[in-house]
Protein chains: 2
Amino acid sequence: MKSTSYHNFFLNFANTTRFAIIMSLIDKPLNVTEISEKIGEEQSKTSHNLKKLEHCHIIEMKKKGKQRIYSLNAETVIPVLNLIEKHIKNHCKKCDKHEI
Amino acid sequence: MKSTSYHNFFLNFANTTRFAIIMSLIDKPLNVTEISEKIGEEQSKTSHNLKKLEHCHIIEMKKKGKQRIYSLNAETVIPVLNLIEKHIKNHCKKCDKHEI
DNA sequence: ACAACATATGAATATAACATCATATGAAAT
DNA sequence: ATTTCATATGATGTTATATTCATATGTTGT
């Protein structure tokens, strides 16, 4: 599929692993190992997905010794999550009950 | 992948065909044939994708004779689009230049 | 009842996205 | 310089998702 900014952005939220990463960073920044443990996925998978999130500026990274600390771009992410949460509460009581 | 409300919701925006449908409905409601012509896709493809959008309540449908008129759930969609547009303008000058 | 139009559906195929595994890189400590 | 820890990367196989095509359904008008 053609890769656009919009496409990539939403794909990050659609993917369950990356969505879990986003959620894991809501409270505070974490390094890769901590994220992996928190979401229960292996390091390599986490790294691959962190890269995609960073590419879209959904998260930011800063180095600290041999660690890399990832943090959420809260300015965008939190409002988006709030909107969707509200939408799902209003409309999607049973949206995920039956596959589509 | 496990199907959740979040997952399905964002997948709709990530897909370029469905994103085009959403955009086609911003001005005013349209029937299936009109949407198909506006986005330049064939009727069957449009229908399949309309179904997914409707399933997530991103669009709504009302019948009018043999036509089905689809309209946007503007309450959710417009704010989401605005947030992402702003994010992309701020951060993604070159996000879609290189694949990921 | 039949034709014409509008739209939906199912199944098969094609494509895109994802996970995995093995390995590489990089940074600190010894 | 070598080991260890933290993380990234590339290639391959797998799975999820999308498109396509043929056909079905439903609605209106004759």
Side-chain angles (χ1 to χ4, degrees), chain A residues 1-22 24-25 29-56 58-71 96 98-100, chain B residues 1-22 24-25 29-56 58-71 96 98-100:
Chain A
M1 171 173 294
K2 214 185 72 188
S3 173
T4 69
S5 297
Y6 286 95
H7 173 67
N8 280 334
F9 183 90
F10 287 114
L11 220 46
N12 279 310
F13 282 81
N15 178 272
T16 49
T17 305
R18 298 206 281 289
F19 192 78
I21 292 175
I22 290 170
S24 79
L25 293 174
L30 297 172
N31 69 36
V32 178
T33 304
E34 289 168 333
I35 296 169
S36 296
E37 283 167 358
K38 197 160 177 181
I39 69 173
E41 302 283 1
E42 71 165 344
Q43 178 268 319
S44 158
K45 183 172 169 177
T46 303
S47 275
H48 278 295
N49 282 293
L50 284 169
K51 190 181 179 184
K52 294 186 183 187
L53 286 164
E54 196 187 6
H55 177 257
C56 285
I58 290 169
I59 60 176
E60 280 161 25
M61 185 269 287
K62 63 171 196 281
K63 296 185 182 180
K64 182 187 170 188
K66 46 187 162 186
Q67 302 175 57
R68 297 193 178 192
I69 312 292
Y70 286 92
S71 59
D96 52 355
H98 49 103
E99 293 292 324
I100 184 147
Chain B
M1 171 172 296
K2 213 185 74 187
S3 174
T4 69
S5 297
Y6 286 94
H7 173 66
N8 281 333
F9 184 91
F10 286 114
L11 219 46
N12 278 311
F13 282 81
N15 178 272
T16 49
T17 305
R18 298 206 281 289
F19 191 78
I21 292 176
I22 290 170
S24 79
L25 294 174
L30 298 172
N31 69 36
V32 178
T33 304
E34 290 168 332
I35 296 169
S36 297
E37 285 168 357
K38 197 160 175 181
I39 68 173
E41 301 283 0
E42 71 165 344
Q43 177 269 319
S44 158
K45 183 171 171 180
T46 303
S47 276
H48 277 296
N49 282 294
L50 284 169
K51 190 180 179 184
K52 295 189 181 184
L53 286 165
E54 195 185 7
H55 177 258
C56 286
I58 291 169
I59 60 176
E60 281 161 24
M61 185 270 286
K62 63 171 197 281
K63 296 186 182 180
K64 182 186 171 189
K66 47 188 160 185
Q67 302 175 57
R68 298 194 177 191
I69 312 291
Y70 286 92
S71 59
D96 51 355
H98 50 103
E99 294 291 322
I100 186 147

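Just so it is clear, the structure is predicted and the values come from calculations on it, not from any experiment. Letters A, B, ... mirror the listed sequences (proteins, then strands); counts begin at 1. Only heavy atoms go into these numbers, but all of them, side chains included; no hydrogens, no water, no symmetry mates.
The side chain of B:K52 places an N or O atom within less than 4.0 Å of a non-bridging phosphate oxygen (OP1 or OP2) of D:dA18. For the OP1/OP2 pair of D:dT7 and a distance below 4.0 Å, the side-chain nitrogens and oxygens of A:K66 include no atom meeting the criterion. Phosphate contact (OP1/OP2 of C:dT7, side-chain N/O of B:K63, threshold under 4.0 Å): absent. Between B:Y70 and C:dA6 there is no side-chain N or O to OP1 or OP2 distance below 4.0 Å. Side-chain nitrogen and oxygen atoms of A:T33 include at least one within less than 4.0 Å of the OP1 or OP2 phosphate oxygen of D:dT7. One finds a side-chain N or O of B:N49 lying less than 4.0 angstrom from the OP1 or OP2 phosphate oxygen of D:dT19. For the pair B:N8 and D:dT17, the criterion of a side-chain N or O lying under 4.0 Å from OP1 or OP2 is not met. Put simply, B:R68 has no side-chain N or O that comes within less than 4.0 Å of OP1 or OP2 on C:dA6. A sub-4.0 Å separation between OP1 or OP2 of D:dA18 and a side-chain N or O of B:R18 is present.
Side-chain to base pairing of A:Q67 with C:dA27: no donor and acceptor N or O lie closer than 3.5 Å to each other. In this model, no side-chain donor or acceptor of B:H48 finds a partner on the base of D:dT19 within 3.5 Å. Taking only distance into account, the side chain of A:Q43 meets the base of D:dA8 through a donor-acceptor pair shorter than 3.5 Å. The base of D:dT9 sits with one of its N or O atoms less than 3.5 Å from a complementary donor or acceptor on the side chain of A:S44.
For the helix from C:dA1-D:dT30 to C:dT30-D:dA1, the terminal axes (five pairs an end, C1' atoms, rotation from four pairs onto the next four) enclose an angle of 20°, given to 10 degrees.
Rounding to whole angstrom units, NZ of residue B:K51 and C1' of D:dT25 are separated by 13 Å. The distance from atom NE2 of A:H55 to atom C1' of C:dA17 is 15 Å, rounded to the nearest whole Å. Between the P atom of C:dA14 and the NZ atom of B:K45 lies a distance of 16 Å, rounded to the nearest Å. Atom CG of B:N12 is separated from atom P of D:dT17 by 11 Å (rounded to the nearest Å). Rounded to a whole Å, the CZ atom of B:F10 is 18 Å from the C1' atom of C:dA17. Between the CG atom of B:L53 and the C1' atom of D:dA18 there is a distance of 13 Å, given to the nearest Å. Atom NZ of A:K62 is separated from atom P of D:dA6 by 18 Å (rounded to the nearest Å). Taking atom CD on B:E34 and atom P on C:dT7, their separation rounds to 8 Å, with Å as the unit.
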**Q.** Criterion side-chain contact (heavy atoms from CB on, under 4.5 Å) on A:F13 and A:I58, from CA distance to verdict
**A.** CA-CA 10 Å; A:F13 282 81; A:I58 290 169; 3.7 Å; yes
Q: Before giving the answer on side-chain contact (heavy atoms from CB on, under 4.5 Å), spell out for B:I69 and B:Q67 the whole-Å C-alpha distance, their side-chain angles and the decisive distance to 0.1 Å.
A: CA-CA 6 Å; B:I69 312 291; B:Q67 302 175 57; 3.9 Å; yes
Q: Assess whether side-chain contact (heavy atoms from CB on, under 4.5 Å) is satisfied between B:R18 and B:L11, documenting all intermediate values.
A: CA-CA 9 Å; B:R18 298 206 281 289; B:L11 219 46; 4.3 Å; yes
Q) Given B:L25 and B:Y70, is the side-chain contact (heavy atoms from CB on, under 4.5 Å) satisfied, shown in steps? A) CA-CA 8 Å; B:L25 294 174; B:Y70 286 92; 4.3 Å; yes
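Here salt bridge (Lys or Arg N to Asp or Glu O under 4.0 Å) pairs that include residues 58-69 of chain B, with residues two or more places apart or in two chains, number zero.
The shortest distance between side-chain heavy atoms of A:L53 and A:K51 does not fall below 4.5 Å. Under the 4.5 Å side-chain criterion, counting only non-hydrogen atoms from C-beta, A:T33 is in contact with A:E37.
Listed by chain and residue number, A:V32, A:S36, A:S47 satisfy the side-chain contact (heavy atoms from CB on, under 4.5 Å) test with A:Q43 (two or more places apart in sequence, or in another chain).
Aromatic rings of A:F19 and B:Y6 (six-membered ring for Trp) have centroids within the 6.0 Å cut-off, being under it.
For A:L11, the listed nucleotide lying nearest its side chain is C:dA17; candidates were C:dA17, C:dT7, D:dT9. Minimum atom distance to the side chain of A:T17 is reached by C:dA19, of the listed D:dA18, C:dT7, C:dA19. Residue A:H7 places its side chain closer to C:dA17 than to any other of C:dA17, D:dT7, C:dA19.
If B:I69 and A:E42 are placed on DNA chain C by their nearest nucleotide, the residue sitting closer to the 5' end is B:I69.
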